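What you are looking at is a predicted structure, and each value in this text was computed from that prediction instead of being measured.
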Amino acid sequence: ERTPGGIVKRWLAELEESGRSESKWREESRGIYEIYKGTKCAPNSFNVLWSNTETLQPAIYNSPPQPDVRRRFRDDDPIGKAAATLTERALSYTVDDYDFDALMVDVTLDALLCGRGVPWICYDAAFVTADGKPSAPAGGYVEEGTTERVANRSVYCEHVQWKDFRRGPGKRWSEVPWVARRHDFTKEDCLELFGPAIANDLKY
């Protein structure tokens, strides 16, 4: 049904089916991570999985990417050249603005151990009211009827752990109809993002 309740029911079923279809792989991945961490190793044993993974990881990812933006057609176009330079510098700053390197190391580790590394692209916008005062944190809840405008935007990556990622069915990536991720929210997070009407009705 295309009612709010029907839409929720449909997505709960989609997420449940996605988890069920990957249940065996998820169980195996948990076991692989336990071996990698060596929490149950016998005394004086040598963790070959950890050693091999630490050798392979820098071969797959060893440094942040260097943006290289060029025009497709190198004709006499000073505006196009300036736009390419601006885009390249913006990308370079975006990568340097946070610990992109550590994030990609985590993504690579997931890919090596479980076969799935997920960097998730995030977009945030901070808003201000008509008089220039902040109306809400980036992505936060705003009272209905508030007039506001975008004051700042940011784009960044987050590492989504292998166990927190879900996807719809498909043999190829181009066939996958949807992707989702799980968030761990406190009540304070929900108040900030969704407002008191929703946050006070949830269980934590």
Side-chain angles (χ1 to χ4, degrees), residues 8 11-12 14-19 21-23 25-30 32-34 36-37 53-54 56-69 87-128 134-142 148 150-170 172-195 198-199 202 204:
V8 169
W11 281 111
L12 288 175
E14 290 271 16
L15 292 169
E16 183 181 353
E17 174 58 29
S18 175
S21 65
E22 293 184 337
S23 59
W25 168 75
R26 292 178 184 278
E27 189 62 35
E28 290 176 350
S29 295
R30 276 190 285 271
I32 290 169
Y33 252 97
E34 288 299 319
Y36 172 80
K37 291 186 291 185
T53 304
E54 294 301 299
L56 287 170
Q57 192 168 26
I60 296 174
Y61 174 83
N62 55 43
S63 61
Q66 298 299 316
D68 183 7
V69 181
T87 305
E88 184 174 299
R89 292 179 179 180
L91 288 170
S92 179
Y93 172 79
T94 300
V95 171
D96 293 341
D97 189 44
Y98 63 102
D99 201 350
F100 179 88
D101 195 54
L103 177 146
M104 287 307 299
V105 168
D106 290 339
V107 170
T108 308
L109 182 63
D110 278 357
L112 283 169
L113 293 177
C114 306
R116 174 183 288 170
V118 183
W120 190 276
I121 309 298
C122 302
Y123 167 80
D124 271 339
F127 297 89
V128 294
S135 62
Y141 169 78
V142 180
E148 58 183 9
V150 176
N152 186 42
R153 308 168 194 236
S154 61
V155 178
Y156 55 93
C157 268
E158 284 186 353
H159 166 231
V160 178
Q161 289 187 324
W162 58 271
K163 59 186 177 181
D164 292 333
F165 180 80
R166 293 285 189 276
R167 65 170 179 83
R172 298 178 180 85
W173 184 246
S174 60
E175 298 174 353
V176 173
W178 59 267
V179 295
R181 60 174 294 190
R182 178 170 57 192
H183 294 269
D184 293 323
F185 285 154
T186 63
K187 186 172 183 179
E188 288 72 23
D189 293 331
C190 289
L191 284 168
E192 185 178 284
L193 289 166
F194 310 121
I198 293 176
L202 298 176
Y204 300 91

Restricting to side chain to side chain donor-acceptor pair (under 3.5 Å), what partner residues turn up for [X], sequence neighbours left out?
| X | value |
| --- | --- |
| E54 | Y36 |
| W11 | none |
| E28 | none |
| Y98 | none |

**Message:** Show every salt bridge (charged side-chain N to carboxylate O under 4.0 Å, His left out) that has at least one partner inside residues 97-116, sequence neighbours left out.
**Reply:** E22-R116
**Message:** With salt bridge (charged side-chain N to carboxylate O under 4.0 Å, His left out) as the rule and sequence neighbours excluded, what pairs involving residues 174-186 come up?
**Reply:**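 Non-adjacent pairs meeting salt bridge (charged side-chain N to carboxylate O under 4.0 Å, His left out): E158-R181, D164-R182, R172-E175.
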**Asked** Between C157 and I121, is a side chain to side chain contact (heavy atoms under 4.5 Å, CB included) present by the stated rule, with each step listed?
**Response** CA-CA 5 Å; C157 268; I121 309 298; 3.2 Å; yes
Residues that [X] engages under side chain to side chain contact (heavy atoms under 4.5 Å, CB included), provided they are two or more places apart:
| X | result |
| --- | --- |
| A111 | none |
| N62 | none |
| S21 | E17 |
| A180 | L15, R166, W178 |

**Request:** Count the heavy atoms of every other residue, nucleotide or ligand shown that sit under 6.0 Å from CZ of R30, and state whether that count exceeds 12.
**Result:**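 Count over threshold, so yes.
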**Prompt:** Under the salt bridge (charged side-chain N to carboxylate O under 4.0 Å, His left out) test, which residues partner E88, sequence neighbours left out?
**Reply:** none
**Message:** Checking W25 now: which residues fulfil ring-ring contact (aromatic ring centres under 6.0 Å, His included) with it, not counting sequence neighbours?
**Reply:** W162
**Request:** For P119 and G117, work out which heavy atoms get closest and say how close.
**Result:** CD-O, 3.5 Å
